[in-house]
2 protein chains.
Amino acid sequence: MARYEQIASDLRDAIVRGDYPIGAQLPSEAELALRYSAARGTVRQAVALLAAEGLVGSRQGARRIVLGSERSQSFAELHSFAQWARSMGYRASGTVLSSRRRPCTPAEAVRLSLEPGEEVLAVLRLRRLDGEPVLVERTVYAGWIAPAVERLDPECESVTQELYESVGLVFAYGEHLIDAIAAGSEDARLLGVRRGSPLLRQRRTTTNQEGRPVECSDDRYRAGSVTFSIRNSTSANPLVRRAGD
Amino acid sequence: MARYEQIASDLRDAIVRGDYPIGAQLPSEAELALRYSAARGTVRQAVALLAAEGLVGSRQGARRIVLGSERSQSFAELHSFAQWARSMGYRASGTVLSSRRRPCTPAEAVRLSLEPGEEVLAVLRLRRLDGEPVLVERTVYAGWIAPAVERLDPECESVTQELYESVGLVFAYGEHLIDAIAAGSEDARLLGVRRGSPLLRQRRTTTNQEGRPVECSDDRYRAGSVTFSIRNSTSANPLVRRAGD
DNA sequence: TGCTCTGGCTTGTTTGTACAAGTTCGCCTA
DNA sequence: TAGGCGAACTTGTACAAACAAGCCAGAGCA
């Protein structure tokens with residue numbers, strides 16, 4: 001772990017613990033540099049991490065202030081249902097309901113950077129939290145990763161982790177579109193809700209470290225089961241609102 | 001504009017223009033430093049900006065790669081309905097349906113850092129895009145900003161901008177919770193949809209530059225009218241999933 | 001042909017220095 | 001007392017240098 005990550009971690013713990021309550025000022029960079037025997041640049045990298053997490057805010061000329069005190073665990077949490085559930089203290093399970101190869105649609109070819117008509121693997125999964133069905137996941141995997149996906153246990157808890165362990169695949173980047181839609185008849189049957197009831201939809205495309213698209217997915221959460229949370233500031237945040245499509 | 005922002009802007013334009021298509025490699029830091037006659041550290045600040053926007057990804061040892069080519073405009077977009085609408089080419093309008101002072105609830109006291117029972121201003125607004133009602137906004141303003149809000153034109157297009165111009169207020173930080181819910185009877189009437197139809201809900205709390213909470217709001221979008229979008233990577237992103245509350 | 005391994009390239013981390021720009025607060029004055 | 005001024009403090013920007021760590025392709029070997 002890098003020095004600046006250690007410092008960030010230490011400061012984060014102090015904030016979460018309440019040493020620096022919301023609204024309080026953080027020590028100055030100079031003081032932190034002295035305290036940790038590090039250069040000011042290193043301290044700046046540390047607090048930049050906290051700022052990116054939305055825990056602290058800063059303005060030129062004034063001391064940094066604490067904005068929040070809940071820690072969040074970033075990408076892995078957003079991407080892997082199982083990892084997120086585990087860290088929240090839930091027991092996650094899931095079932096593959098269908099899995100078949102087919103030629104990709106033109107839209108999928110664009111999203112996964114494939115040649116038109118190239119083969120993909122379409123998987124329908126139902127995910128549960130503590131036994132309750134909360135998520136219908138319709139995922140399309142690029143052909144080159146399909147064999148590894150097909151080898152997975154249909155009841156496999158964490159696809160992300162299994163793919164990492166079996167073929168060393170790492171999900172590194174993702175784009176996510178979030179909106180609300182009405183449950184279709186299949187959604188309603190699987191989630192145990194009425195047709196037309198509200199669902200939170202997350203459409204995502206994920207790529208590996210080299211920027212090569214791996215999968216795109218349409219995930220539908222039962223209303224009330226999950227909430228997406230974001231902290232942001234005037235300087236740099238990736239969440240934007242888009243017109244309906 | 002800082003040197004690193006100029007460099008970032010220049011590179012961003014090149015990416016958007018297609019000089020570096022998706023999947024392509026960016027020049028090395030050393031080469032960019034030479035090209036812009038800047039230190040390597042300055043170049044790193046520039047590409048860090050692009051990485052935060054999700055345009056490029058990087059791994060130690062390998063050249064940076066282009067992940068996307070759409071520019072997004074960050075915080076202002078997320079916060080101000082009017083600014084976002086304008087930048088998307090829509091005509092935004094809005095109407096204040098009710099506005100009254102009342103003592104704050106215990107929950108509001110916590111969210112806005114107020115004393116229990118302190119006075120707040122509750123405003124109900126209906127927002128339209130090109131004349132179509134798309135958003136019901138229930139906002140609670142802290143007492144200290146209430147006078148300025150009450151002076152606003154009820155048909156005021158951009159609250160954010162008006163408050164900046166009248167009292168110099170800047171919305172600097174925000175926390176947002178996004179989920180899906182069914183339309184209540186008031187929501188349904190105002191948005192012109194059936195009761196129980198899906199809405200995208202965004203609950204937010206906003207603070208000024210000093211970290212002082214200004215407002216908290218419950219915004220409900222008609223399904224299909226807007227989509228939230230986020231790009232993320234293994235290193236640092238602020239969006240997380242939370243259990244339903 | 002197919003494999004390994006190494007050397008050069010590229011990004012990541014850290015330190016140090018200097019100056020610019022904005023904030024804060026106390027002091028002084030009107 | 002109210003307001004303005006300025007000095008000290010704090011964060012932002014930029015440069016330079018050095019080493020660590022990971023990637024990749026080409027050379028060399030079996």
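Here is how names work: the chains are called A, B, and so on, in the same order as the sequence lines, proteins then strands, and each is numbered from 1.
Within the 4.0 angstrom heavy-atom criterion, only backbone atoms of the sugar-phosphate kind lie near A38(B); the bases stay farther away. Within 4.0 Å (heavy atoms only), R64(A) reaches sugar-phosphate atoms of the nucleic acid but no base atom.
In terms of polar N and O atoms assigned as donor or acceptor, the side chain of R40(A) comes within less than 3.5 Å of the base of dG12(D) in a complementary pairing.
Not one N or O on the side chain of R231(B) forms a donor-acceptor pair closer than 3.5 Å with the backbone of L67(B). At least one donor-acceptor pair closer than 3.5 Å links the side chain of N232(B) to the backbone N or O of G174(A). Side-chain atoms of E162(A) never come within 3.5 Å of backbone atoms of V159(A) as a donor-acceptor pair (strictly under, hydrogens ignored). E108(B) places a side-chain N or O within donor-acceptor distance of the main-chain N or O of T105(B), the cut-off being under 3.5 Å. Judged purely by atom type and a 3.5 angstrom limit, Q6(A) uses its side chain to pair as donor or acceptor with the backbone of M1(A).
There is a side-chain donor-acceptor pair under 3.5 Å between T206(A) and E215(A). Inspection of the R3(A) and T42(A) side chains reveals no N or O donor paired with an N or O acceptor under 3.5 Å.
Judged as a side chain to side chain donor-acceptor pair (under 3.5 Å), the pairs with a partner in residues 7-17 of chain B (not counting sequence neighbours) are, in order, D10(B)-Y36(B), R12(B)-E53(B), R17(B)-D19(B).
The nearest heavy atom of DNA chain D to Q209(A) and to A39(B) marks one nucleotide each, and the one closer to the 5' end goes with A39(B). Comparing E210(B) and R3(A) along DNA chain C, the residue whose closest nucleotide (by nearest heavy atom) sits nearer the 5' end is R3(A). When each of G61(A) and A30(B) is assigned the nucleotide of DNA chain C bearing its nearest heavy atom, the one mapping closer to the 5' terminus is A30(B).
In this structure, D219(A) pairs ionically with R204(A), as a charged nitrogen and a carboxylate oxygen lie closer than 4.0 Å.
At whole-Å resolution of the value, OH in Y36(B) and P in dC15(D) are 14 Å apart. In this entry the distance linking CG of L34(B) with C1' of dC15(D) reads 15 Å, nearest Å. Rounded to whole angstrom, the span from the CZ atom of R59(B) across to the P atom of dC24(D) amounts to 5 Å. R63(B) places its CZ atom 12 Å from the C1' atom of dC23(D), with the value rounded to the nearest Å. We find that CG of N208(A) is positioned 15 Å from C1' of dC23(D), with the value rounded to whole Å. When rounded to the nearest whole Å, the span between CG of L32(A) and P of dC9(D) equals 17 Å. Spacing between atom CE of M1(B) and atom C1' of dG12(D) amounts to 15 Å, rounded to whole angstrom units.
The nucleotide whose nearest atom lies closest to any side-chain atom of A62(B) is, among dG22(D), dT10(D), dC23(D), dC23(D).
Across V123(A), V120(A), T205(A), a single residue satisfies side-chain contact (heavy atoms from CB on, under 4.5 Å) together with V140(A), and that is V120(A).
Between dG12(D) and S58(A), a contact under 4.0 Å exists linking OP1 or OP2 to a side-chain N or O.
Looking at residues 8-16 of chain B, you'll see that no heavy atom sits under 4.0 Å from any atom of DNA chain D.
Taking the 5' to 3' direction, DNA chain C first and last meets chain A under 4.0 angstrom from a heavy atom at dT13(C) to dT24(C).
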